[in-house]
Amino acid sequence: MNILILQPQDICYGLLDNVAYNLGDALKKIGQGFGLEVEYFDLKKEAVSNLSRFMGREYLAVIDIYSGLLNIKTTDGYFFWDFVNAPVFQIVLDYPVYIDYMLGTGLKRYYALCMDKYYIDVFNDKYAGIKAFFFPMTGKGLAEIKNWYDRRYDVCFIGTNRDYRETLNKLDEFEDDVKKIGQLYFDIMINHAEYNPFQAFEKTLDELKIALDTHKKYDLFKEFSGLSRAAMHYYRENMIKAVLDEGVRVDVFGTSWSDSPLAKYDNLFIHKEVDEEQYMEVLSDSKISLNLLYCNKAGFSERLGYSALAGSLIMCDESVYAQDVFKDNESAVFYSLNNLDELC
């Protein structure tokens, strides 16, 4: 039997397409003695109507990587993938409640593969009966690793910039009770980086003496998801600022940094966005790769994996899982978001 991989939407610089193909290659290698083949469906290249060719077919597994296709229904209102004879595994890269419109929790044979151990708790609490597993992702190594001392970039960061202040300003548009929750929530996130976003939200509700059952708590948490994104960009900006303030050159990839307050620094060099191939080229030409796992405190990210495979020294905030994988101050250096002044 074959495995079917549903490829991602056009996000993350195309890196998730790399993840899809690397996963497919690894599965084929594992199953080569059994004649295992891997098929792909890419909505960026095919019409949704072409999914009909999978109806009634049998697969060892269907693996979804942010395709947005799991909730498609037939004309009579049934989930399409229940008519494909295969268990469906979905790789979950974000808080499940943030992307519940993409989750396949309504399917009869659905399993979640989470890149953060805390996401498993969300499935256990919010989506009763769904089996979730920890599934850290990485990629494929390069054929040749460039000498570390010959690399072009001292410190690189690949990722977008968004002004968190814009999100905070929008709080003024809401009623006072909503604004009060939002302001305290953001304040706790940026002053207590030891909490993940949901833990910070629970702390917010506790301080405001707001009692909610589990489902209502997650529903309200989802409504404030923009603030957790804002906190991530707050830390992203201040992480890079801490390095710049030490006079270290930082090369960022993404023209959105031109709108950042950091653009005034002479030692910040802004480059255009990169595709998945250029992404690896930049990492392989960088001595140090800056990373941020604020929203994944018990997880991993493809960025960490690719940085390691490119031979770049990883500089990352503290993460339960990542610190188990990398030896501190050898292949990676971990810092505390609560003490960014000690970053360099």
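These numbers come from a predicted model, not from an experiment. The figures here come from the full heavy-atom set of this structure, side chains too, leaving out hydrogens, waters and symmetry mates. Residue indices begin at 1 and follow the sequence shown.
Contact check for N71 versus M102: no side-chain heavy atoms found under the 4.5 Å cut-off. For the pair Q323 and E318, the minimum side-chain heavy-atom distance is below 4.5 Å. Proximity of F80 to K73: side-chain heavy atoms (C-beta onward) are nowhere separated by under 4.5 Å. Between L293 and L304 there is a side-chain heavy-atom pair separated by less than 4.5 Å. Counting heavy atoms from C-beta outward, T74 and F79 have side chains that stay 4.5 Å or more apart. The closest side-chain heavy-atom distance from M315 to L343 is below 4.5 Å. Looking at I5 and V38, their side chains come closer than 4.5 Å, going by heavy atoms from C-beta outward. Taking the side chain as every heavy atom from C-beta outward, Y335 and L340 approach each other to under 4.5 Å.
Sorted by first and then second residue, the salt bridge (Lys or Arg N to Asp or Glu O under 4.0 Å) pairs involving residues 285-299 (not counting sequence neighbours) are K146-D285, D154-K287. Within the structure, every pair that satisfies the side chain to side chain donor-acceptor pair (under 3.5 Å) test and touches residues 23-42, not counting sequence neighbours, is listed here: N2-E39, D25-K140, E39-R57, E39-Y59, D42-K44. Residue pairs meeting the side chain to side chain donor-acceptor pair (under 3.5 Å) criterion with at least one member in residues 113-129, sequence neighbours excluded, are Y119-N296, D125-Y218, K126-D219. Counting only residues at least two apart or in different chains, side chain to side chain donor-acceptor pair (under 3.5 Å) contacts with residues 170-183 are absent.
Shown here for A263 and I270, the closest heavy-atom pair between the two residues is CB-CD1, 4.3 Å. When all heavy atoms of G226 and T167 are compared, the pair lying nearest together is O-CG2, 3.7 Å. Closest approach of S260 and N161 over heavy atoms only: CB-ND2, 3.7 Å. Counting all heavy atoms, side chain and backbone alike, A20 lies closest to P8 at CB-CD, 4.4 Å.
Listed for the N196 side chain is a donor-acceptor partner under 3.5 Å among the backbone atoms of Q199. No donor-acceptor pair closer than 3.5 Å links the side chain of R109 to the backbone N or O of F89. A donor-acceptor pair is defined here as one N or O able to donate and one able to accept, closer than 3.5 Å; such a pair exists between the side chain of S312 and the backbone of S286. Checked by atom type and distance alone, the side chain of E46 never pairs as donor or acceptor with a backbone atom of L43 at under 3.5 Å. At distances below 3.5 Å, not a single donor-acceptor pair connects side-chain atoms of S67 with backbone N or O atoms of D64.
No continuous path of ILVMFWY side-chain contacts below 4.5 Å connects I288 to F269, so the two sit in separate hydrophobic clusters. Under the 4.5 Å side-chain contact rule for hydrophobic residues, V62 and Y78 share a cluster. Under a hydrophobic clustering in which Ile, Leu, Val, Met, Phe, Trp and Tyr are joined whenever their side-chain heavy atoms come within less than 4.5 Å, directly or via other members, V48 and Y101 fall into the same cluster. The hydrophobic cluster containing V320 does not contain L93, counting ILVMFWY residues as joined when their side-chain heavy atoms lie under 4.5 angstrom apart, directly or transitively. Neither L309 nor V282 shares a network with the other; the hydrophobic side chains, linked directly or stepwise wherever heavy atoms of I, L, V, M, F, W or Y lie under 4.5 Å apart, form separate groups for each.
For the pair K131 and Y111, the cation does not sit on the ring face, since its NZ or CZ is not both under 6.0 Å from the ring centre and inside 45° of the axis.
No more than 12 heavy atoms of other residues, nucleotides or ligands shown are found within 6.0 angstrom of CD on E144. Enclosure of atom CG in D266 is not indicated, since only 12 or fewer non-hydrogen atoms of other residues, nucleotides or ligands lie within 6.0 angstrom.
The distance from atom CD of Q90 to atom CD1 of I130, rounded to the nearest 0.5 Å, is 10.0 Å. Distance CG/L337 to CG/D317: 4.0 Å, rounded to 0.5 Å. Here the straight-line distance linking atom CG of D187 with atom CD of E207 works out to 8.5 Å at 0.5 Å rounding. One finds the CG atom of L69 at 6.0 Å from the CG atom of L6 (value rounded to the nearest 0.5 Å). Separating the NZ atom in K217 from the CG atom in L205 is a distance of 6.5 Å, to the nearest 0.5 Å. The CG atom of L23 sits 5.5 Å away from atom CD1 of I65, with the distance rounded to the nearest 0.5 Å.
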Derivation of the ring pair (Phe, Tyr, Trp, His ring centres under 6.0 Å) call for Y153 and H271 | CA-CA 12 Å; Y153 308 113; H271 307 266; 5.8 Å; yes
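E273 and T255 share a donor-acceptor pair across their side chains, judged by distance under 3.5 Å alone. Side-chain contact, N291 with S289: a donor N or O sits under 3.5 Å from an acceptor N or O.
Under the 30°/60° scheme for interplanar angles, the aromatic rings of F326 and F334 are found to be tilted. Ring-plane geometry between Y185 and F201 is classed as perpendicular, the angle between the planes exceeding 60 degrees on a 0 to 90 degree scale with a lower cut at 30.
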Going by atom type alone, with no hydrogens or angles, which donor-acceptor pairs under 3.5 Å involve a side-chain atom of residues 228-249 and a protein atom two or more places apart or on another chain?
from, atom 1, to, atom 2, distance (Å)
S228, OG, Y98, OH, 2.8
S228, OG, S225, O, 2.8
R229, NH1, D94, OD1, 3.4
R229, NH1, D94, OD2, 3.1
R229, NH2, D94, OD2, 2.4
H233, ND1, R162, N, 3.4
Y235, OH, M189, O, 2.6
Y235, OH, I190, O, 3.3
R236, NH1, T160, O, 2.7
E237, OE1, R165, NH1, 3.3
E237, OE2, R165, NH2, 2.6
N238, ND2, Y234, O, 2.8
K241, NZ, D245, OD2, 2.9
D245, OD1, Y265, OH, 2.6
R249, NE, D251, OD1, 2.8
R249, NH2, D251, OD2, 2.9

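Looking at residues two or more places apart in sequence or on another chain, you find a ring-ring contact (aromatic ring centres under 6.0 Å, His included) between F134 and Y321.
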